[in-house]
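Computed from a prediction, not measured in an experiment: that's the story for all the values here. Counting from 1, the numbers follow the sequence of the chain as shown. Values below: all heavy atoms of this structure, side chains included; hydrogens, waters and symmetry mates excluded.
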Amino acid sequence: MAKIYNVAILKGDGIGPEVTNSTIKVLNALLEKTDFKIKYEYGEAGFYCIEKYGTNLPEQTISLLRRTDACLKGPMTTPQTPGAPVSAAVQIRKMFDLFANVRPCRSFPNVEALKPNIDLIVVRENTEGMYSGIEYELSPEVGIALRIITRKASLKVVEYAFKLASKRKKHLTIVHKGNILRITAKIFKDAVKSLEPKYPEVKVDEAHIDAMAMQLIKKPESFDVIVTTNLFGDVISDEAAQVTGSLGLAAGANIGYNYGMFEPVHGSAPKYTGKNIVNPIATIMAAALMLDYLGEMKAAIKIENAVINVLNEGKVRTKDLGGSSTTSEISEEISKKIRSL
Ligand code: NAD
């Protein structure tokens, strides 16, 4: 009997439903010829839920996540006002201990990038650091936010990064700010030091976050796997995505020991909602990362190859890539390629 994966689909806000629906079309094209099936289970989460449920992550959605194998998540609008619910993505990452945020950034054919031949992955600690969500207003004019770094969380994410580097170009770069944040950066660096002997094949080097921001522009092709704490990782993974072309192409995986959530790196881009003009490729690539996580590597590669073929031909391109094709035209073209591969 064919294996069935239960996948939670959270379409999110803004352009979320468009890019998620496009991705499901692509997955359905893929599933025509696979020896496994996917059962989609739709859930509600995001800014639009706050009015309806008083929260952006309703209880029934949390139960849905708990009974599924993985989650494909569309972008969501983050509430900004103090006291509002924290980002649904941040809640899910903490709740399911999705300690590694993994963002591959590579050059694509026909996509203008700063340099050719970029193929790097940013692995960002996903559960603590500056995103621990602990902030205090000491007085109306003074506030503090806590950057929490623990050895336990550092070891988990660093071990994930070592394993990834050992399967790739065997080069791991640790990014920190040890000259200023001496105590917290040392805990992170010590986690790396303690795991280094286990992976003798991996060459390890380090960079300060400010220098890294520069190096990513100057020589992005020289990196393989970069591992860092939460806030630094958030910033440099967006930078790396832009260095390789459009934010519309970059996907991210949130991985823990028991669950994975997969999403585009971009946000809900509210001004483009319903216009059918944004690029769905980031979410399609997120689905490929999800298949890889589920152990369906061949299927993941098939999606990636179809995307690369479509970009290579350059006939169907969205506005962010200099074309005028619609969101649905891109997903139809990728689906066609999948059927022909
Ligand atoms: P954004 O990524 O939504 O949009 C910034 C710009 O990037 C857009 O104006 C557009 O020019 C471009 N862009 C984004 N996605 C694109 C796509 N698929 N195709 C083509 N171009 C694309 O960032 P923002 O405007 O800063 O954030 C909007 C909302 O999204 C905010 O509430 C923010 O907090 C939220 N956000 C959510 C996530 C997430 O759910 N993971 C990530 C980032 C931002």
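- Counting only heavy atoms from C-beta outward, the side chains of Phe188 and Val157 approach each other to under 4.5 Å.
- Side chains of Arg317 and Asn110 form a contact here, defined as non-hydrogen atoms less than 4.5 Å apart.
- Note on Asp119 versus Arg168: salt bridge recorded, some NZ/NE/NH1/NH2 to OD/OE distance being below 4.0 Å.
- The hydrophobic cluster analysis finds Ile301 isolated: no Ile, Leu, Val, Met, Phe, Trp or Tyr side chain comes under 4.5 Å of it, directly or through other members.
- Through direct or indirect side-chain contacts shorter than 4.5 Å among Ile, Leu, Val, Met, Phe, Trp and Tyr, Tyr131 is connected to Met130, Leu231, Val235.
- Other residues, nucleotides and ligands place more than 12 heavy atoms under 6.0 Å from the CG atom of Asn179.
- By the 30° and 60° cut-offs, the orientation of the rings of His176 relative to His208 is perpendicular.
- Residue Arg67 places its CZ atom among more than 12 non-hydrogen atoms of other residues, nucleotides or ligands, all under 6.0 Å distant.
- Every pair tested for side-chain hydrogen bond (donor to acceptor under 3.5 Å, both in side chains) that includes a residue from residues 297-308 fails, sequence neighbours excluded, so the list is empty.
- For the salt bridge (Lys or Arg N to Asp or Glu O under 4.0 Å) test, residues two or more places apart in sequence or in another chain that qualify with Glu263 are Lys73, Arg93.
- The residue from Asn126, Asn101, Ile92 that alone fulfils the side-chain contact (heavy atoms from CB on, under 4.5 Å) condition with Met261 is Ile92.
- Proximity of a side-chain donor or acceptor of Asn312 to a complementary backbone N or O of Ile308 within less than 3.5 Å is not detected.
- Formation of a donor-acceptor pair under 3.5 Å by the Asn230 side chain with backbone atoms of Gly129 is not found in this model.
- In the hydrophobic clustering (ILVMFWY side chains linked at under 4.5 Å, chained through shared members), Leu146 is joined by Ile134, Tyr136, Leu138, Val142, Ile144, Ile148.
- The aromatic rings of Phe262 and Tyr293 sit tilted, their planes meeting at an angle between 30° and 60°.
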Residues Glu296, Lys3; criterion salt bridge (charged side-chain N to carboxylate O under 4.0 Å, His left out); working and verdict: CA-CA 11 Å; Glu296 300 297 344; Lys3 186 157 193 178; 5.8 Å; no
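- Looking at Ser107, its side chain does come within 3.5 Å of a backbone N or O of Asn117 through a donor-acceptor pair.
- Counting side-chain heavy-atom gaps under 4.5 Å among Ile, Leu, Val, Met, Phe, Trp and Tyr, the cluster of Ile277 also holds Ile15, Val19, Tyr272, Val278.
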